[in-house]
Amino acid sequence: MSAADTTRNIAGREAAPPRPLLHVILVRPETMTLALLILAVIVASQLSPFFLDINYILRSFTLSAEFAIVALVFTMVIIAGEIDLSPAANMALSACLFAWAQASGIPMPVAILIGLAAGLAMGALNAFMVIALQLPSIIVTIGTLTLYRGLAQIIAGDKSIRVPDWFIGIDKVLVLGIPVPVVIFVVVSLLLGLILAGTIFGRQIYQIGTNEVAARYAGIRTRRIKLVLFLLMGLVAAVAGMMTASRLGSVRYDLGLGGELQMVLMAMLGGTYIFGGRGTILGTFLAAWLLVVVSTGMTVANLLPAIQLTVLGVLLIVAIIATNFIYSRTQR
Amino acid sequence: MNALRSILVRRETGIAVMIVLFTVVVSLYKPQFFTLNSLRVILLLTPLVMIAAMGQMLVLVARHVDLSIGSMLGLSAMVTGMMFRDMPGIPWGLGFVVAIGIGALLGLVNGALVTLFRLPAIIVTLGTLNLYRGLTFIVSNARQVDRQFIPSELKAMSQTSPILGIPWIIFMAFAVALATYWFVMHTRVGRQIFALGSNPVAAPLRGIKVTQVTLLVFAISGALSGLAGIMYASRWGFVNPSNTGFGFEFQVIAAVVIGGVSINGGVGSVLGVVLGVLLMGCVAAALPLLGIPGTAQGAIYGAVILVALLIDRSVRQQGIAGLRIARA
Amino acid sequence: MLKKSLIALAAGLALSTGALAQDKIDIVFIGKNTGNPYFDSLTKGFVEACQKIACNFEFVAPATAEATSQIPFIEAQIQRGVDVIAISPNSPDALNQVFDAARAKGIIVMTVNGDITGNESHRDLTILPTDFTKVGADQIEMVGSLIGYEGEIAILSATTEAPDQNFWIKGMNEAIKDPKYAKMKLVATVYGDDQPEKSTSEMEALLANYPDLKGVIAPTTVGVAAAAQVVQSRGVAEQVNVTGLGLPSEMRDFVKDGTVKAFQLWSPYNEGWLAAHLAVDLKAGKAKNEVGSTFEVPDLGTITINEGNSINTQSSLTTFTAENIDQFDF
């Protein structure tokens, strides 16, 4: 608790008079996300009578659960003032390495370790270029995004690599009627949410994103924290890649293609501030559901995918306008 | 001053040397790479990228980025193609006006969102990337415009040549590059883009109308994407709602970054970008000649972007002051 | 344009409301991706069949043809409770799990225009456009007749792992051993990944690497159009004969100006027509999904279900030339 007090002192927020509780709750981007989520559920159930079925929604969520899990870490990276567009490509490359290893006779546990190590190594490469070489993370990760997927394509070619039957079907395993990937997503959300909101480490991430120079003067080891975040990103992406492999039963180089857009969407719709320093895990958590409801609702109504693209594009722009607006009001 | 200039010059010479080295090495293995015909092939791979790269360069120099160019290309090509299909007998030259006009309009929307709401361009254009692609599907009813509907005069621009067997569209691409060079070197607005990008905070103090300049660079980027769109129809003879322009932004951004335009704004040169585009064209033409499977292309592009970034960084370290005069 | 789509929309509404009246089965066709002209023609076969027989038809497709992009669409059809899912699969194995889920719900899963080779047990049956074992030989004969059975030929294919194309290429390599083709030599097989840009560079590279090339077979619609465009723009159509499998709508110009003398394909329309009739017959119990059983399809005659529950829409390829190309509107 004392740590939280200190950080608040640094931010100089104590000077401002306390706002009424209702105001605090209402004028938050997460509230907007929640409202949109409720609205989306209503619209989707109007669009198609087949939509409102909790099992179907859960099943549909498993199709995006891997991205959603990575999006949670992605949110933390953005809050720290950086960005990493490479995790979807990372998922593909680590899954390809893992599948290729086990297909060439390496025992399964070792193959899994190879996949995880690959994910970590990719995170480390990003971290090296961004932290040690001081290159802008946006362009570095556009480069590594192309590179990682390109390497996956070299390893796997255009074929798909099968995984053993017992490894297939993580999304079909239910815990209390809920598919395992959804359970993992909820657990990771709780964990990262607690870390981000309740620990010194979490507060420091916000500090770095708000003002990196000030954070460094305040004695925060900014480089180390960013390194941890990039490595965590790599590791979680590798896990997500293998979860996808289990769901699909085979791995191709185009696994998770375009996933970076979904992750950006989840973070932005959840009210994460693109310039860093603001955002919550709760927001991304809600936004992941929002995105699934929107796309599932439109798919089950057999709408053209074109309309989905359009709606997603508009949603992204609207969300960021709203977020910016809300933050500019609450700033003072 | 001389020392500074030599650093700047090195960036372009660096790319030029890479092109020469690459050509020599490939030609040693495959002598047919070093022929006039292969020059023609390389040049034919580049015009669309070169035109869009000029717009992207201006956007990057102004410290923004435009990810929506592929979708703007697709939408303006689609509308133009549908016009040719549904209004037979319309003068084919009008296609250029329509394509460029639509592109400029879409670019203005990007610019307006960025300036009016003070939003980061990367997110805005990521949104419009999807939005414009979706609109392309909607206006076209998800149907391709087949080659019989594209006017033969337009298709001929990619095939007939005024000189040396080099088709018209290549000359057009270089004309756009020259015009851009003139714009950034010899107009006040052109220079203001650089001043704005190198120091956005000070720009208004120096009398730069930030809103107008920002709107202008996005409109130019859109207009040039539109031009690239009608040239796509000329080059490939069809317009497809999902393929036309898909993934184009990565090619263009890669070429521009290789060409030495800094992602941090304020720095970039037309010559560098032209060379960057040509280098990418050389690589694309050489891979099949060497029998390297297409599957390796992605990794090579990625590696090239990262190497270009490293070069960029070493240049930056040698003199921040040099950046200021790196205008064109 | 707007007017046209409004009329189409009104017609669609009228159709779907009319459909509720009787006992019609629901068929959905999931294409590889939207905006693919090939599927326009295939879909037309479904639509026109369902105007005549007892079925409701819908076409959906993802925006991109990536391996997993069809999964949410299949899930949605399961949820909607359709009777038959016809699909042109984007992946030979990534769809296995979701196919199983659909079949567990009693939905008939038929792959159309391409099969999930190696995973046939996950679908009910497949409708192929033609007898794939003959495609290779037909194409070799076609290019042979164009070049006078003498000289170097090359193949410009889709992706390196495209299962159908690889099967045909194997057939071509077998067929060319025939003494009839002794003076022909297959010098290279290259892959343009079904992208116009890449196919063009590969074709340019072929011309540069093999100056004596006489013929090119491109057994893919994107590749054959790109190859034709290259020989047209270089003005070498007299020396290099381009042929392959192409869509008449995309090849018409090349055939008319003499760049391409002849190419082949089948009728995508008939595939859709056949699939719809079979689906209705299967659900009504008029046809049985058993190897060797037969059923009748108007205009196409008696169709037999072959080994591996596979059906050929037509027995051999159709050849398109300047004389007949205007008779085809796809």
- Message: For chain B, which candidate among C:V190, C:L207, C:T159, C:T34 shows the most heavy-atom pairs at distances under 4.5 Å?
- Response: C:T34
- Message: Take a 6.0 Å sphere around CZ of B:F246 and say whether it holds more than 12 heavy atoms from other residues, nucleotides or ligands.
- Response: no
- Task: Could you look at B:L289 and say if it's the side chain, the backbone, both or neither that has a heavy atom under 4.5 Å from chain C?
- Result: both
- Message: Holding to salt bridge (charged side-chain N to carboxylate O under 4.0 Å, His left out), I want the full list of residues that pass it with C:K170, two or more places apart in sequence or in another chain.
- Response: none
- About how many Å separate CG of B:L44 and CD of C:E197, when rounded to the nearest 0.5 Å? 12.5 Å
- Given side chain to side chain contact (heavy atoms under 4.5 Å, CB included), test C:S233 with B:R40 step by step and report yes or no. CA-CA 11 Å; C:S233 75; B:R40 193 182 140 271; 3.7 Å; yes
- Ordered numerically, the heavy-atom neighbours of chain B under 4.5 Å found in residues 208-218 of chain C are C:A208, C:N209
- Query: Nearest heavy-atom pair of B:F137 and C:A63: which atoms, and what distance?
  - Reply: CZ-O, 4.4 Å
- Task: Mind ranking C:G235, C:A61, C:A188, C:P196 by heavy-atom pairs under 4.5 Å with chain B and telling me who comes out on top?
- Result: C:P196
- Can you name the residues of residues 257-268 of chain C that have some heavy atom under 4.5 Å away from a heavy atom in chain B? none
- Query: Which of residues 239-255 of chain C get closer than 4.5 angstrom to chain B, counting heavy atoms alone?
  - Reply: C:S249, C:E250, C:R252, C:D253, C:F254
- Under 4.5 Å from any heavy atom of chain B - which part of C:Q195: neither
- Task: Give, as side chain, backbone, both or neither, the part of B:Q32 having an atom under 4.5 angstrom from any heavy atom of chain C.
- Result: side chain
- Checking B:Y232 against chain C: side chain, backbone, both or neither under 4.5 Å from a heavy atom? side chain
- Query: So, for C:S201 and B:A284, which heavy atoms are closest and what is the spacing to 0.1 Å?
  - Reply: CB-O, 4.3 Å
- Message: Would you say CD of C:Q327 has more than 12 non-hydrogen atoms from neighbouring residues, nucleotides or ligands within 6.0 angstrom?
- Response: yes
- Note on the structure: Answer key: most heavy-atom pairs under 4.5 Å with chain C among B:S38, B:S152, B:A286, B:P288 is B:P288
- Item | Stepwise side chain to side chain contact (heavy atoms under 4.5 Å, CB included) check, B:R143 with C:N36 | CA-CA 7 Å; B:R143 292 180 80 94; C:N36 189 331; over 6 Å; no
- Note on the structure: dist C:Q232:CD -> B:S158:OG (nearest 0.5 Å) comes out at 10.5 Å
- Checking heavy atoms, do the side chain of B:F33, its backbone, both or neither come under 4.5 Å from chain C? neither
- Calculate, to the nearest 0.5 Å, the distance between atoms CG and CG belonging to B:D146 and C:D40 respectively. 8.5 Å
- Item | Contact summary for C:Q229 and B:W236, nearest pair of heavy atoms | OE1-O, 3.3 Å
